[in-house]
Number of protein chains: 2
Amino acid sequence: MKIGELARESGLAPSRIRFYEREGLIGSIDRGLNGYRQYSRETRQVLEIIVMAQQAGFSLDEIRNLLPPHGKGDWSKDKLVAALKKKVIELAALQRRLSETQAGLEAVIARIEATPPGGDCFENAEAVLADLRDQSKPVDEIGQFVPAKTVA
Amino acid sequence: MKIGELARESGLAPSRIRFYEREGLIGSIDRGLNGYRQYSRETRQVLEIIVMAQQAGFSLDEIRNLLPPHGKGDWSKDKLVAALKKKVIELAALQRRLSETQAGLEAVIARIEATPPGGDCFENAEAVLADLRDQSKPVDEIGQFVPAKTVA
DNA sequence: CTTGAAATTAAAGTTTACTTTAAGGTTAGG
DNA sequence: CCTAACCTTAAAGTAAACTTTAATTTCAAG
C-alpha cells in the first residue's frame with residue numbers, strides 16, 4: 001500500500017502521514033526498490049489511534065509516549081498481549097478525559113438553560129460554577145481553573 | 001479589580017487576559033485615571049467559560065462567536081446552548097467508538113490468552129488484527145475516519 | 001516514447017494561541 | 001524620596017501541528 005492509498009483510506013493528507021513519520025509516531029516503514037513507502041494495514045490502525053487521541057486532547061508528544069514502541073516484527077504472544085493491554089489502558093485514559101469534558105459541558109448547558117429569560121447572564125453563575133467545581137475538578141485548591149493538565 | 005488580581009484569581013497570566021481583550025473575547029473594560037484596567041467580577045466568569053470551552057475543543061474564534069456581544073447585554077443563549085449540545089453529541093459519538101474499540105481489544109486479549117501455548121505467533125497476530133478491523137467501526141460511509149469537524 | 005499522476009526530499013510557510021521583550025509610566029512601603 | 005512591584009503599549013518571539021513549495025524521480029497509460 002503506497003502513501004496515496006493510505007491517505008485516501010485514512011482521510012489524512014500524505015504530508016501529514018510523512019510528518020508523523022518524521023516525528024516518530026509511525027515506526028520506520030518498508031520502502032520499495034523505487035524508494036516509495038510501503039505501508040501495512042496496521043499503519044491505518046495506528047493513524048486512527050493518533051487521530052482519536054488528538055480529538056481527546058492529547059498532544060502528539062503525549063501520543064508518541066502512549067503508543068507502543070514500534071520495534072519491528074518480533075511479535076511474541078506475550079508482547080502482543082502486553083501491547084494490546086497497554087492500548088486498553090490508553091483507551092481508558094481517553095474515555096476518562098472525554099467524560100470529564102462532557103460532564104463539564106453538560107453542567108454549563110444546564111446552567112444556561114436554567115437562566116430565566118429576561119435575567120442577567122451572570123446572576124446565578126456563581127452557584128452553578130460552584131457545582132461544576134464540586135462535581136469534576138476543573139479547579140485546584142486555590143480556586144483557580146486549571147489549564148487542562150495533560151495526562152500522560 | 002486590577003489585572004494582577006484577576007490573574008491571580010483566574011490562574012491566567014495577565015498577558016493572556018490582555019490577549020483575549022485584543023482578540024475581542026472580553027469586551028471593552030473600564031480604565032482608571034491612570035490607564036489601568038478595572039475589571040468587574042463578571043470578567044472572571046467570562047474567563048472561566050472561555051477556558052471551559054477551550055477544554056471542550058472550541059477554538060478562540062468559535063468561542064468569540066458563542067460569547068455574548070459585549071456591546072450591550074442579552075446573550076442569546078439559544079445559540080450557545082445549541083452549539084454546546086452539538087458538541088456533547090459529538091463527544092458521545094466519540095466515546096461510543098472508543099468503547100467499541102476497547103471492548104474489541106479486550107475480547108481479542110481474552111482470546112489470545114486462552115490459546116494453547118503451541119500456537120504460531122504470526123498466525124495469531126494476523127487473526128488479531130483482522131478482529132480489530134472487523135470489530136471496531138471506526139470509519140464513516142466512505143471509509144475514512146472523520147477529522148473532528150470543529151463546530152461553530 | 002511521451003505525458004501526467006504520484007512519489008521523493010529539504011526547507012520554508014501558516015495558523016493558533018499565547019509569551020516575552022523593550023521601553024516606559026504609576027503606586028505603595030520604608 | 002527611593003525603590004520595588006505593578007501597570008501600560010507595540011512588536012517580536014515561540015511551540016505545536018501541519019501544509020506548501022521546489023526541485024527531482026518514477027510509474028502507468030496511450
Side-chain angles (χ1 to χ4, degrees), chain A residues 1-26 28-39 43 46-67 144-152, chain B residues 1-26 28-39 43 46-67 144-152:
Chain A
M1 190 191 241
K2 287 185 290 184
I3 200 170
E5 199 185 339
L6 180 62
R8 267 189 307 280
E9 284 193 6
S10 67
L12 308 186
S15 65
R16 187 166 169 186
I17 298 172
R18 294 196 195 97
F19 170 72
Y20 285 161
E21 185 188 336
R22 282 200 300 282
E23 293 292 299
L25 280 112
I26 317 172
S28 44
I29 68 282
D30 294 344
R31 297 291 186 127
L33 296 171
N34 45 21
Y36 287 16
R37 290 169 180 82
Q38 279 298 333
Y39 294 97
T43 310
V46 175
L47 289 181
E48 185 173 354
I49 288 175
I50 292 173
V51 170
M52 281 197 305
Q54 274 188 302
Q55 286 176 15
F58 285 92
S59 69
L60 291 189
D61 200 55
E62 291 171 316
I63 295 170
R64 193 189 358 260
N65 293 321
L66 289 179
L67 250 29
Q144 305 179 338
F145 25 105
V146 204
K149 199 64 196 282
T150 49
V151 164
Chain B
M1 191 192 244
K2 288 184 289 183
I3 200 171
E5 199 186 339
L6 180 61
R8 267 190 307 280
E9 283 191 9
S10 67
L12 308 187
S15 64
R16 187 167 169 186
I17 298 173
R18 293 196 197 96
F19 169 73
Y20 285 160
E21 186 188 334
R22 279 200 302 284
E23 294 291 300
L25 280 111
I26 313 172
S28 44
I29 68 281
D30 295 343
R31 298 291 187 126
L33 296 171
N34 45 21
Y36 289 14
R37 290 170 180 81
Q38 279 299 333
Y39 294 97
T43 310
V46 174
L47 288 180
E48 189 163 356
I49 288 176
I50 291 174
V51 170
M52 199 58 242
Q54 274 188 303
Q55 287 176 19
F58 288 91
S59 69
L60 292 189
D61 199 55
E62 291 169 317
I63 295 171
R64 189 186 7 255
N65 293 320
L66 292 180
L67 286 176
Q144 306 179 338
F145 30 104
V146 206
K149 201 70 190 284
T150 50
V151 162

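First the proteins, then the strands, lettered A, B, ... as listed; each starts at 1.
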Any residue meeting side-chain hydrogen bond (donor to acceptor under 3.5 Å, both in side chains) with A:E21, in chain and number order, not counting sequence neighbours: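 Checked A:E21 against side-chain hydrogen bond (donor to acceptor under 3.5 Å, both in side chains); matches are A:R37.
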So, using side-chain hydrogen bond (donor to acceptor under 3.5 Å, both in side chains) as the criterion, who are the partners of A:Y20 when residues are at least two apart?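 Partners of A:Y20 by the side-chain hydrogen bond (donor to acceptor under 3.5 Å, both in side chains) criterion, ordered by chain and then number, come out as A:R16, A:Q54.
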Could you check whether any side-chain heavy atom of B:R31 comes within less than 4.5 Å of a side-chain heavy atom of B:Q38, counting everything from C-beta outward?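 No - every pair of side-chain heavy atoms lies 4.5 Å or more apart.
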With sequence neighbours excluded, residues passing side-chain contact (heavy atoms from CB on, under 4.5 Å) with B:N34: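 If we apply the side-chain contact (heavy atoms from CB on, under 4.5 Å) test to B:N34, skipping adjacent residues, the hits are B:Y36.
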How would you list, by chain and number, every residue that makes a side-chain contact (heavy atoms from CB on, under 4.5 Å) with B:S59, sequence neighbours excluded?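 In terms of side-chain contact (heavy atoms from CB on, under 4.5 Å), with neighbours along the sequence ignored, B:S59 is linked to B:D61, B:E62.
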Please round to the nearest 0.5 Å and tell me the distance separating atom CD of B:E48 and atom CG of B:L12.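 Interatomic distance, B:E48 CD to B:L12 CG, rounded to 0.5 Å: 9.5 Å.
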Check whether any side-chain nitrogen or oxygen of A:R31 sits under 4.0 Å from OP1 or OP2 of C:dT9, and answer yes or no.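 Affirmative; the distance criterion is met.
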Contact string for nucleotides 10-30 of chain D, one letter per nucleotide 5' to 3', B = base within protein heavy-atom range under 4.0 Å, S = sugar-phosphate only, - = neither, reads -------SBBB-----BS---
Looking at every strand, decide which applies to A:R37 at a 4.0 Å heavy-atom threshold: base, sugar-phosphate, or nothing.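 Sugar-phosphate only.
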Just how far, in rounded Å, is [atom2] of [N] from [atom1] of [X]?
X	N	atom1	atom2	value
B:R64	C:dC18	CZ	P	12 Å
B:D30	D:dT8	CG	C1'	17 Å
B:E21	D:dT9	CD	C1'	12 Å

